[in-house]
Each structure stands twice: as structure tokens, then as C-alpha cells.
Enquirer: 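Please find one structure pasted underneath; my questions will follow.
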Amino acid sequence: QVQLVESGGGLVQAGGSLRLSCAPSRRTFENYAMGWFRQAPEKEREFVAAISRSGARRYYADSVKGRFSISRGNAKNTVFLQMNTLEPEDTAVYYCASGPLDYGLESKSSYNYWGQGTQVTVSS
């Protein structure tokens, strides 16, 4: 049962930008923390970015700091991931996640709901 739906993935050249969106399919997550994770072929799913329930705190993986930005929509039940200066190493399936906790947001275990993912491919 899909709870979150990602969109905005695609093919882009290195140095380009993409903006991912995540919206709930059946319920709202206004009071939930939201996160983005990614999984490259034959690799573990890894943390990318997260935003706290209020939106006041944002967290980023070292590999994307300064290039990616996470934000909530005005309705707060949507979340975006602006990805700039993309690199081939950013190629992966990107997953949106949400959860009631407001700490430990770099851990997959902090999230109860996951989307099905959107493919991002960065060509060199």
C-alpha cells in the first residue's frame, strides 16, 4: 500500500539539476519528519537529506552538502529535494520517507512510510 509518491527523477548531464517531489497518496504527514534516501545498484540504501517535523532543522549527508537542499511545501505535507551540480556518483533510485520521530533522522529505522522510488541518472 503506497503512502508516498515521488516524482521528478530523470536523466541529466553532470553539472545539471533536478528537483524531486514527494507527496502522500492517502494520508497527510504534516506532523511527520521527512527524509530522502538513495540506493545505487548493488549498494545499501543510504541517507541523503532530512527535515524535521517543524521544518526548522535540516540534515544532509556529507556527500551532498552544499549541492542538495531539502524543503517542505506550503502545505507541509509535501517535501522537495533540489539537487544541483549533479555528479555521476549521484545516480541511484531516490526514496522519500516519513516518520513520527524527530531525531535520528539519518537512520532508515526512524521512518515508517516509504515511497516506491524515482530513478535519477547522471551521465558524465
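Remember, predicted model here, so these are calculated numbers, not experimental data.
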Enquirer: Measuring from S124:OG to E87:CD, what's the distance to the nearest 0.5 Å?
Expert: 12.0 Å
Enquirer: When hydrophobic residues are tied together by side-chain contacts of less than 4.5 Å, even through go-betweens, does F80 share a cluster with F68?
Expert: no
Enquirer: Using a side-chain heavy atom cutoff under 4.5 Å and only I, L, V, M, F, W and Y, what cluster partners does Y103 have?
Expert: L101
Enquirer: In Å and rounded to the nearest 0.5 Å, what is the OG to CD distance from S123 to Q13?
Expert: 5.0 Å
Enquirer: With a 3.5 Å distance limit and no angle check, can you tell me whether T118 reaches the backbone of G9 through a side-chain donor-acceptor pair?
Expert: yes
Enquirer: Can you tell me how far apart CG (L4) and OG1 (T78) are? Round to the nearest 0.5 Å.
Expert: 11.0 Å
Enquirer: Less than 4.5 Å apart, side chain to side chain, heavy atoms only: is that true for L20 and E6?
Expert: no
Enquirer: Can you name the one residue among Y94, Y95, F47 that meets ring pair (Phe, Tyr, Trp, His ring centres under 6.0 Å) with F37?
Expert: F47
Enquirer: On a heavy-atom basis, which atom in P88 and which in A14 lie closest, and how many Å separate them?
Expert: CD-CB, 4.1 Å
Enquirer: Judged by atom type as modelled, is there a donor-acceptor pair below 3.5 Å linking the side chain of R53 to the main-chain atoms of Y32?
Expert: no
Enquirer: Would you compute the distance between atom CH2 of W114 and atom SG of C22 and round it to the nearest 0.5 angstrom?
Expert: 11.0 Å
Enquirer: Quick one: closest heavy-atom pair of L105 and Y111, and the distance?
Expert: O-OH, 2.6 Å
Enquirer: Just by distance, no angles: are the side chains of Q119 and T121 close enough, under 3.5 Å, to form a donor-acceptor pair?
Expert: yes
Enquirer: Nearest 0.5 Å please: distance from the CE atom of M83 over to the CG atom of D90.
Expert: 7.5 Å
Enquirer: Go through the steps for M34 and C96 under the test side chain to side chain contact (heavy atoms under 4.5 Å, CB included), then give the verdict.
Expert: CA-CA 7 Å; M34 305 288 289; C96 175; 3.9 Å; yes
Enquirer: Contact between S17 and V12 at the side-chain level, heavy atoms closer than 4.5 Å - yes or no?
Expert: no
Enquirer: Any chance you could lay out the side chain to side chain contact (heavy atoms under 4.5 Å, CB included) test for V120 and T91, step after step, and finish with the verdict?
Expert: CA-CA 5 Å; V120 171; T91 295; 5.9 Å; no
Enquirer: Consider only side-chain N and O atoms of R57 and Y59, and report whether a donor and an acceptor are under 3.5 Å apart.
Expert: yes
Enquirer: Give me the atom names and distance for the closest heavy-atom approach of S69 to R58.
Expert: OG-NH1, 4.3 Å
Enquirer: Measuring from atom CG of D102 to atom OG of S52, what distance do you get when rounded to the nearest 0.5 angstrom?
Expert: 5.0 Å
Enquirer: Restricting to pairs with a member in residues 42-51, which pass salt bridge (Lys or Arg N to Asp or Glu O under 4.0 Å), not counting sequence neighbours?
Expert: R38-E46
